[in-house]
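Because the structure is a prediction, the values reported are computed rather than measured. Chain letters run A, B, ... following the sequence lines, proteins first, then strands; residues in each count from 1.
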Amino acid sequence: MIIDTDRHVAVTDYRDVLAYLDKSWQKHFERKEFLGSVTEASNHIRVSSRFGDEPVSAAALPEADKVLLMPHQALTVNGWADGVAATEFLSGFNSLARDKWSSGNNVPVIVVQPGDPGWSAAEIRRRAAEHVFGAIALPLGAGLLGTSHYDPIYEAAAETGLAIIVHFSGVEGLYAGAQPLGGGVHYSALSRQVLMSQLAESNITSLAFEGTLEKFPAVRFLFSGFGFSWLPSLLWRIDREWRTFRYDVPWVKHAPSKYVLQQVWLNTWPLKEATIDGDWARHFTTDALRSRIVFGSHSPFDGDAPGDVIKQLGPDDGALILSNGAALLPRVEAVTP
Amino acid sequence: MSESQPSTLAALRRTDPVAGPSTEDFEYVCEYDDMVLDEFRSVEIGGREVCVVRTLAGVFAIGSKCPHQAANMCDGAIKGTMEPSERNEYHFAQEGEIVTCPWHGYEFSLRTGASVGGALKGRLGAYQIEVRDGAVYCSPRRVRPERPARAERPARKAGE
Ligand code: FES
């Protein structure tokens, strides 16, 4: 089964989301600054020449059996100052995803609020019981993912068997509240996009060294849209430091790469960066490493199709990567039309 | 002498964990009183360089070559370590039973030569010591390590 782990989906009018809120919250959000920002969520980060296009309301890429739907507009709550409003908005977004986008083959994620782990854990349990969601999207809030702040979310993830998807919203490195990029604030969306992989490296390192992967062995993480060519060197570096400074993190009971190679996945977009100059063949030399990469098209932005995976990685590795998603996302497979 | 230091020579006998067979062929190292706490002394035992040290936990002898990239362990530092723990908890233990390599700081048990926490597959040689009549003697044979069950073996090879 081919699962596309990174298909973007959006609303064209926020009133579709507000319809799920009570009247008072609808009135709170119904102002032209907010309603008019509906196209902005796609524009915080320029990922393609389709930058100026209208947001798409449905997924439609052939060749995948199941599609995990990522509503990137909902992810931008990591830049909101009002965390309470963010939970209301997400509650509406999750309901809309259930009613409008879920079709058995199209499986939405539950988007949670990084600033409110208690609400998020309750939302995960409530939505998991609806049996249409395939994973949890955790936007990157202020704290690194290894901190105990997120424990309630990880407990709910472990309990429900839903993987956690980490995808940037585009406001990282720009708005206070979302995670910053290294060095400082960049002027352009282009710079931020180029450097987003820093966030994945940073949070994977945090999950490993804070002992979070050790504490929650059943929780699976997918870092989506961050590229993957950097993974082998990161694993070498974290193991190298752990061997020297293990006594500083005695709660990390094995080489950190061992946890990452069991609990963390990355998806293929952008595929080209790892296949130029034979990098894939040179660095992804073990089954353990190759098992970490799952297919994600990043559609409808500049995306890769399953055929591109076969073309660029060859028939054997291509087929392997296209089938890896099943281990990461058993609940996506289980959702039936 | 600190409280945890063995107070009599008798207490120092057999500081190593593995009771070996005969100690007849043990080779003379030095007088016990000449040993400076936590300072290695390099000696040739059985034609090989061995690093002998007196610590708060006893007298130990290890092979001089780090299994990682062959640093001389006689330049190592005597330490304790943090035992495996829950997140954000530290439990200091094994004071005087751990040596760290001078090059990359990997920790090894002075008692067994094993890499602490399974960080490295390779191990240091460990030699049995006997303190007899105020003098320190060292076995010319390495203590044979107990093989861990297959599943427990660390994944990294020496040199990685
Ligand atoms: S040479 Fe000893 S730890 Fe590297």
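- In terms of modelled atom types and a separation under 3.5 Å, the side chain of A:R246 and the main chain of B:Y106 share no donor-acceptor contact.
- Taking 4.5 Å as the limit, some side-chain heavy atom of A:T212 sits within range of a side-chain heavy atom of B:R87.
- Interface with chain B: from residues 214-232 of chain A, residues A:K215, A:F216 qualify, criterion being any non-hydrogen pair under 4.5 Å.
- The backbone N or O of B:H104 lies less than 3.5 Å from a partner atom in the side chain of A:T244, making a donor-acceptor pair.
- No more than 12 heavy atoms of other residues, nucleotides or ligands sit less than 6.0 Å from atom NZ of B:K65.
- No donor-acceptor contact under 3.5 angstrom links the side chains of A:R243 and B:S115, judged on distance only.
- Heavy-atom pairs under 4.5 Å with chain A were tallied for B:E89, B:E107, B:H91; the largest tally goes to B:E107.
- A 6.0 Å sphere centred on CD of B:E49 holds more than 12 heavy atoms belonging to other residues, nucleotides or ligands.
- You'll find the ring centres of B:Y90 and A:W251 inside the 6.0 Å limit.
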